[in-house]
There are 8 protein chains.
Amino acid sequence: MTMKVYLSGEIHTDWRDQITEGVEQARLDVTFDSPVTDHDASDDCGVAIMGAEDKKFWHDNKGANLNAIRTRHGIQNADIVVVRFGEKYKQWNAAFDAGYAAALGKSLIVMHGPDHQHPLKEVDAAALAVVETPLQVVQILNYVINGVLPD
Amino acid sequence: MTMKVYLSGEIHTDWRDQITEGVEQARLDVTFDSPVTDHDASDDCGVAIMGAEDKKFWHDNKGANLNAIRTRHGIQNADIVVVRFGEKYKQWNAAFDAGYAAALGKSLIVMHGPDHQHPLKEVDAAALAVVETPLQVVQILNYVINGVLPD
Amino acid sequence: MTMKVYLSGEIHTDWRDQITEGVEQARLDVTFDSPVTDHDASDDCGVAIMGAEDKKFWHDNKGANLNAIRTRHGIQNADIVVVRFGEKYKQWNAAFDAGYAAALGKSLIVMHGPDHQHPLKEVDAAALAVVETPLQVVQILNYVINGVLPD
Amino acid sequence: MTMKVYLSGEIHTDWRDQITEGVEQARLDVTFDSPVTDHDASDDCGVAIMGAEDKKFWHDNKGANLNAIRTRHGIQNADIVVVRFGEKYKQWNAAFDAGYAAALGKSLIVMHGPDHQHPLKEVDAAALAVVETPLQVVQILNYVINGVLPD
Amino acid sequence: MTMKVYLSGEIHTDWRDQITEGVEQARLDVTFDSPVTDHDASDDCGVAIMGAEDKKFWHDNKGANLNAIRTRHGIQNADIVVVRFGEKYKQWNAAFDAGYAAALGKSLIVMHGPDHQHPLKEVDAAALAVVETPLQVVQILNYVINGVLPD
Amino acid sequence: MTMKVYLSGEIHTDWRDQITEGVEQARLDVTFDSPVTDHDASDDCGVAIMGAEDKKFWHDNKGANLNAIRTRHGIQNADIVVVRFGEKYKQWNAAFDAGYAAALGKSLIVMHGPDHQHPLKEVDAAALAVVETPLQVVQILNYVINGVLPD
Amino acid sequence: MTMKVYLSGEIHTDWRDQITEGVEQARLDVTFDSPVTDHDASDDCGVAIMGAEDKKFWHDNKGANLNAIRTRHGIQNADIVVVRFGEKYKQWNAAFDAGYAAALGKSLIVMHGPDHQHPLKEVDAAALAVVETPLQVVQILNYVINGVLPD
Amino acid sequence: MTMKVYLSGEIHTDWRDQITEGVEQARLDVTFDSPVTDHDASDDCGVAIMGAEDKKFWHDNKGANLNAIRTRHGIQNADIVVVRFGEKYKQWNAAFDAGYAAALGKSLIVMHGPDHQHPLKEVDAAALAVVETPLQVVQILNYVINGVLPD
């Protein structure tokens, strides 16, 4: 059984690496996809390719639409969408991705610390699993694919 | 032409009333739906009907799932989904609703102040209109339905 | 807001009447649909209209397919599907309806006593609400439609 | 022609092995998927990974949702869903899977003994084949793929 | 419960009238739709409105496409599609409509005499009811809507 | 039988009026929808409501997205989409609407003069009827709804 | 470009072989699927595997449903569905397949002799190509895949 | 990450070659599909295979439907649809393809010179990127797949 997993959300810590490494060690048949995680490239991609804009709104609009090509492809092709909410920033794009994935009937795993429990209650309620650590995501994938639980 | 409009997001100001009143004055054929806007009822509905929980997580889970019956019905039946982001709080449920509506192909109108422009760029890019005031939503509905522009 | 509710499952107690009466008293804008609840008619409808069968399997097959015209129409048109599991019988058709409704993305409410909690865990997990009494269903409808909680 | 087959339902006998062995002997191009069939792991997976719960309901809820990641993936990707009902237990999850598969338009094969014929009539009526033995499933796959009937 | 019924197939006997009269007498909440049953108009509609064609193929093509506007609208909006095969003619359009309705998941009722049983086996197998007379269709509608069986 | 008709395309002649008047005279049960046909309002609606733009591209982008709320609603809700190509202008939005309607499986009627036959061949091939005059559209609607052909 | 082609309809001549051989000679990247073309096996498969029936109707019903597993898989996975109508028999299953394929939006090619032109007009009108010979199907595939026309 | 790209529109310049060469140089994992770009073959394919027509309309109709087999396959299977509008001709098929792709939710990239900005505003507004050159398309693909921006 191959599982296609899209890793959405926070881009400032190495949680994606932790998951992919854990999955590699467990030799699971999983393919990963994720947004562009280079913050500056992600912000400026639109104008870099299609020309500068005076207004920040259109600067951002061009970039966000370009990123949407990758993001929507990733979510639409995924079996499982993992969305991580970090400690900082508004992260509305993470919640947007979660809603998008939920409406498409994707299996949703939400990762966040206990401080965010109450404001994320609607997102958590749409998920099939709510976790705090990358290790738990690896354990879930190992169980879902191999039926093996952690020791 | 009847338009069904779902008003999602911030629940602490009277923006919904301003829109419904403006639409009434303009005599537009619009029906509105929205989430339960009583904050306490919204938080406690699950345990009030289905029994108390010791853990906050399950308290919230029961409530969020109950609210989802109304929210998903509202979004799924809407022609237009308006999502307002206020000044305060995380408002991840608003962004979740926007993503959910976008994935269903609903016409999305996003309302927020200029301070939130950058963190909302992905949500804005998925919208057909980005506005700051309830009056603009009324003007959009008047134009979309009657082809009439503000003076 | 009108809600269309399909009442699936157990047909030997008056739980459907309790819900419809409660909804009437609360003056909620709800329309109900349900399977044919006359057990004998439901079992024999196929052969009564389309001719007798020697084998019980085909006797039942004709009836089940005829009932499916009503059942699928009811579920497909519903906003909310309530499935009640009673104390007796196999009730596999109730669980089938729940799975059918879940796959269509309907809001699912499951009603059953505490004895059935463990064997119904997969069905409950697919639901937005799990209750024990018809009164709770009425309270949910009253909250979902009017935002009003029980005293 | 490759056929993807999901084997749902009863987990206490070796019927899945009988089918996979029969298919191997017949050298059919079939891939199989199934739920986790380790009863204890299946019951406890949620709390083992995401933390203990005092209430049995939430213990089961966490596990059922985790298993749903695998189950839904299996059914959604299948061409054929085989659902076996054994002699014992409620097996509502099997009927739920059958309803879920039917709503998605999957080709459904139901396997059960003659004692369960009447209570399974709605499930059987939704199926394209009703059988009693794993051998019959192998024969169906051999016919569907190669057009070869048993001697 | 309102049922929308599309009456497809044979156009040379009064079977549609028998059904609509029976339904009227039983005071059932059913709306009917059907193809244009004037054979000549149906054959010539395309060229009558859009200009003559030398080749019979294009004469027929123009007409068939025009009739498809009505036929597809009727089937797509129906809850139940009744397809009657008469004694004469090829009636491939009737079988085409049955396949079209089946693919859309409509509840299919097939009506034909015993002589056509074998060549219609694939069509019958896709149906939820196979009958011989208009009276049986009325009885089915009465049962499906009111749960009432014939005396 | 009610038919919902969306009238897309050319906005500089009175073809829509001719159709609606003809339909009224024939007393057909048809509801019409169409884009905003005031050329200036249609061009400037975005900036009039949401603020001026220096660049023509964004001026047009804001307007086009606003008009899309109405256009997509009209096409998605239509049974029949009529697209007229006039003598002048690029009219790419008309062809875009035709493609959009075709992908949604709408019944497409294309109206244009003989000069445009060759460049419109792909659009015509996707249509169920190709006509030159508003009268022909009225005749088609009269035939499709009432089975009546012109004298 | 790979094309998946389902070859439906008449099973008493070697037209499928002619197409597959022509495609092989032209070295086209096409995969084929088709129903079981052994008439006796196709008729008796149901009872051969699932037990005899006294009534011909149920004998046929069991077989038709079993064949439907293969047929629907073939049509649902196809890019192009070719349906051939031969000189003899009712061939309602061929027309049923054509309707089924049309409703799913498959590219439909219909093959038949000139005698059947009028009774097949609705089926032909739903097709993207109407041909008389297997060679023409090969030529179409060669053109569609390679852009090469016959000399 | 593999991206499937359909290159629609103008067929008289070498823009497709520029994109495929650029993608090859950048070693991107992209597969391309496009319409038949031999203008004469594209115009005459229908009659060449299926027989001559006296009327230009049917000559073109046969060809356009044959080309639609390839075009729709290409668009339906694409992740990204690039539509280029050249300097000359009506190019209504390009706009039709853009509308078709938009309705299917494909990521749309539109390419055209500044002269066509205003008449293409509705098409541009439906796109996630609007560019002028093949190089920009290559840069977009490089960014979307590898997160790399041009120097």
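Here is the naming used below: chain letters follow the sequence lines, and residue numbers restart at 1 for every chain.
Proximity to chain B (any heavy atom under 4.5 Å) is restricted, for C:Leu149, to the side chain, taken from C-beta onward. Interface residue C:Val130: only backbone heavy atoms are found under 4.5 Å from chain B.
With C:Val131 as the partner, the side-chain contact (heavy atoms from CB on, under 4.5 Å) test is satisfied by one option alone out of C:Val82, C:Val110, C:Ile109: C:Ile109. A side chain to side chain donor-acceptor pair (under 3.5 Å) with B:Arg84 holds for exactly one of B:Glu10, B:Glu132, B:Gln91; it is B:Glu10.
For chain B, the option among C:Leu108, C:Ile145, C:Thr133 with the highest count of heavy-atom pairs below 4.5 Å is C:Ile145. Per-residue heavy-atom pair counts under 4.5 Å with chain C were compared for B:Asn67, B:Thr37, B:Asp38, and the maximum is reached by B:Asn67. Interface check for chain C: of the options B:Asp44, B:Asn65, B:Ile49, the most heavy-atom pairs under 4.5 Å are formed by B:Ile49.
Taking the six-membered ring where the residue is Trp, C:Phe85 and C:His112 present perpendicular rings, their angle passing 60° and hence far from 30°.
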Using atom types as modelled, flag every donor-acceptor pair under 3.5 Å from a side chain in residues 74-81 of chain C to any protein atom, sequence neighbours excluded.
unit_1  : atom_1 : unit_2   : atom_2 : d
C:Gln76 : NE2    : C:Tyr100 : OH     : 3.2
C:Asn77 : ND2    : C:His73  : O      : 2.7
C:Asp79 : OD2    : C:Lys4   : N      : 2.9

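A distance of 8.0 Å separates CG in C:Asn146 from CZ in B:Arg70, rounded to the nearest 0.5 Å.
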